[in-house]
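A short write-up of the structure that comes next.
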Amino acid sequence: MANTLIDEVKSRRTFAIISHPDAGKTTLTEKLLLFGGAIRDAGTVKGKKTGKYATSDWMEIEKQRGISVTSSVMQFDYHGTKVNILDTPGHQDFSEDTYRTLMAVDSAVMIIDSAKGIEEQTLKLFKVCRMRGIPIFTFINKLDRDGRTPLELLAELEEVMNIESYPMNWPIGMGKEFLGIYDRFHNRIEQFRVEESKRFLALNEDGELDDDHPIKENALYDQTLEEIMLLNEAGNEFSKEKLADGSLTPVFFGSALTNFGVQTFLETYLQFAPPPQPRESTVGKVDPLSESFSGFIFKIQANMNPAHRDRIAFLRICSGKFERGMTVNLPRTGKQIKLSQSTQFMADDRSTVNEAVSGDIIGLYDTGTYQIGDTLTTGKDSFEFERLPQFTPELFVRVTAKNVMKQKHFHKGIQQLVQEGAIQLYKTRMEDYLLGAVGQLQFEVFEHRMKNEYNVDVIMEGQGSKIARWVENDDVNDNLSSSRSLLVTDRYGNKVFLFENDFALRWFQEKNPDVKLYNPMDQ
């Protein structure tokens, strides 16, 4: 294989940013894009009155609410490295989208709010990263505000996450007294809010300032030196091996909003983050440097361009080289497809991509061909990559069109939006439509998008929480359906029981031992 292709693959860094809502995830993404030259002016997520929206929040409801509910994909060049960032939704109702996104990356950046520490959603997403054994880099954010002490934050990180930590830098003060960071890795001090020429102060071999400098007269400087000495003596040692297998996380302190510490973080991250990694498949691990093209669909998004009613399937390339117009296999159907329409992303700004290599994320225009989890291969290869996680819905609503004259648009909207995987569609024996989701917010987003993208007002009647169990081999008598154990079919035609509660599920199983039920999450 040509060295140029190997070099191209090795220059890729593909990561997701994970955190609890409002920890500063989208803001950090914006600042990284700013350094990559991908945007000229970073919008803040909450700055709605200025008309400046975050580049990675393109959907109308995201602009109104100031939250991310979809995973955005952005690519930029930085000093010869091609960086693919996946900005994931922080809201817990959209964790399924985030889980699938984490299957498409080689490392993760975890953001922690210095005042709040580790929050519930961060912990959930962290566990998925650990399960996959992917390297995790930690950015402790909002140092320009008063928060918890750095030592307390590190202790919580290690205890709650059960991971070793290594601070690459250390804050000098916090909030109004925040002076900057002591950069252990680069052996320098980076000052906060000073002229560019005065930003970095070199440290001597002992890790101290040689020259007289006003910062030395501040008690916070001496306190920082004491804490650094403690870290050097009692802290963990830095280990590339432990970082690579996800058992040690490098920790960076900074402030995404004021753009402090972000460039230092980016440059250090790029030194240690892994290039594209091998992927598990039905024929063993697939080498990213292999010549044969392969990849998998981890996300489908309808109406990224509402004017065109288009649908994009997001493909993570796992090996070889993508070339526009190439023919690929879709092992799930046994058919071949010509990939003639492809795109790369800068949030909602897209450009046609003619070539891409392992590690890149590209979008394929989809007319209903793809499903989430589909593998694409070339030549005689017909393997499939490991299955993506599918959550079992817990909340259900009955949905109908307010105006019966808009049934055609109603059906089209539902069919397209359920393809994205955030909500699931079921039909009762009476042909009623039920929607299932992990969280309430998904229904609100569905209602909003049906109105704005398909011009259909919907009526949603809450059905409460249910326990969904699929029927093995679809071998079941329809007469077993009742209000407490409702029999429905999913969009693939599989039979599913929706049980009112645990008691109803156990009672049904005792009365009908021949009916074999399963939960897709357990498979």
Side-chain angles (χ1 to χ4, degrees), residues 23-25 27-37 39-42 44 78-79 109 111-115 137-154 157 165-232 235 238 249-272:
K25 179 160 43 64
T27 307
L28 180 67
T29 306
E30 291 285 311
K31 296 308 193 296
L32 293 172
L33 295 174
L34 199 60
F35 286 119
I39 54 174
R40 290 191 192 86
D41 187 16
T44 65
Y78 191 80
H79 297 178
V109 173
I111 303 182
I112 294 173
D113 184 322
S114 65
F137 296 76
T138 302
F139 187 86
I140 296 182
N141 194 21
K142 304 187 183 180
L143 266 291
D144 55 316
R145 304 179 193 177
D146 286 320
R148 290 156 64 179
T149 69
L151 286 169
E152 191 186 336
L153 289 164
L154 271 198
L157 179 65
S165 66
Y166 182 87
M168 304 296 268
N169 57 37
W170 197 251
I172 307 171
M174 189 176 278
K176 288 178 181 173
E177 293 190 314
F178 184 48
L179 303 180
I181 51 176
Y182 182 107
D183 191 336
R184 294 174 81 194
F185 182 70
H186 294 100
N187 201 38
R188 66 191 182 190
I189 286 174
E190 184 174 350
Q191 295 192 92
F192 184 51
R193 288 194 169 138
V194 295
E195 294 170 28
E196 184 61 29
S197 59
K198 297 177 181 175
R199 188 167 131 208
F200 296 113
L201 303 173
L203 298 169
N204 63 24
E205 287 181 5
D206 298 323
E208 297 181 24
L209 285 170
D210 273 334
D211 304 329
D212 284 334
H213 191 279
I215 201 170
K216 289 175 77 172
E217 295 165 20
N218 194 309
L220 289 170
Y221 171 75
D222 293 325
Q223 182 188 327
T224 302
L225 289 185
E226 285 174 20
E227 289 173 346
I228 292 293
M229 192 183 299
L230 179 67
L231 290 174
N232 290 341
F238 184 73
T249 179
V251 178
F252 301 81
F253 291 86
S255 162
L257 191 64
T258 60
N259 208 357
F260 182 77
V262 178
Q263 187 173 11
T264 298
F265 159 72
L266 174 62
E267 289 174 356
T268 314
Y269 164 81
L270 293 177
Q271 280 188 52
F272 293 105

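Just so you know, these numbers use all the heavy atoms, side chains as well, and skip hydrogens, waters and symmetry mates. Just so you know, residue 1 is the first one in the sequence shown, and it goes up from there.
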Test side-chain contact (heavy atoms from CB on, under 4.5 Å) on Y182 and L203 and set out the steps.
CA-CA 9 Å; Y182 182 107; L203 298 169; 3.5 Å; yes
Verify side-chain contact (heavy atoms from CB on, under 4.5 Å) between W170 and L154, making sure each step is shown before the conclusion.
CA-CA 11 Å; W170 197 251; L154 271 198; 3.7 Å; yes
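Closest heavy-atom contact between L157 and S165: CD2-CB, 3.8 Å. What you find for L153 and R148 is that their closest heavy atoms are CD1-O, 3.7 Å. The two residues T268 and F252 make their nearest non-hydrogen contact at CB-CE2, 3.6 Å. Heavy-atom minimum distance, A256 versus G24: CB-O, 4.4 Å. Annotation for D146 and K176: closest pair OD1-N, 4.3 Å, computed over non-hydrogen atoms.
Considering only heavy atoms from C-beta on, N169 stays 4.5 Å or farther from F265 through its side chain. Side-chain contact between Q271 and F185: present, with at least one pair of heavy atoms (C-beta onward) separated by less than 4.5 Å. Taking the side chain as every heavy atom from C-beta outward, I181 and F260 approach each other to under 4.5 Å.
The backbone N or O of A202 sits nowhere less than 3.5 Å from a side-chain atom of N187 that would complete a donor-acceptor pair. A distance-only check finds a donor-acceptor pair linking the side chain of R184 to the backbone of P167 [under 3.5 Å]. Without hydrogens or angle criteria, N259 side chain to K31 main chain gives no donor-acceptor distance under 3.5 Å.
Between Y269 and Y78, the distance separating the two ring centers is not shorter than 6.0 angstrom.
From I112, atom CD1 reaches atom CG of N141 across 10.5 Å, with rounding to the nearest 0.5 Å. L257 CG to L143 CG: the interatomic distance, rounded to the nearest 0.5 Å, is 12.5 Å. If you take CZ on F253 and CD1 on I140, they are separated by 4.0 Å, rounding to the nearest 0.5 Å. If you take CG on D144 and OG on S114, they are separated by 8.0 Å, rounding to the nearest 0.5 Å. Between the CZ atom in F139 and the CG atom in L28 there is a gap of 5.5 Å [rounded to 0.5 Å]. With rounding to the nearest 0.5 angstrom, the CZ atom of F137 is 7.5 Å from the OG1 atom of T249.
Within the structure, salt bridge (charged side-chain N to carboxylate O under 4.0 Å, His left out) pairs that include any residue of residues 216-232 do not occur (at least two apart or interchain). Residue pairs meeting the salt bridge (charged side-chain N to carboxylate O under 4.0 Å, His left out) criterion with at least one member in residues 198-212, sequence neighbours excluded: E190-R199, E196-R199.
Every residue two or more places apart in sequence or in another chain that forms a side-chain contact (heavy atoms from CB on, under 4.5 Å) with N218 is listed here: L179, L220.
Taking a 6.0 Å sphere around CD of E152, one finds it holds more than 12 heavy atoms contributed by other residues, nucleotides or ligands. Applying the 6.0 Å contact sphere to CD of E195 captures no more than 12 heavy atoms from other residues, nucleotides or ligands.
Ring planes of F192 and F178: tilted class, angle from 30 to 60°.
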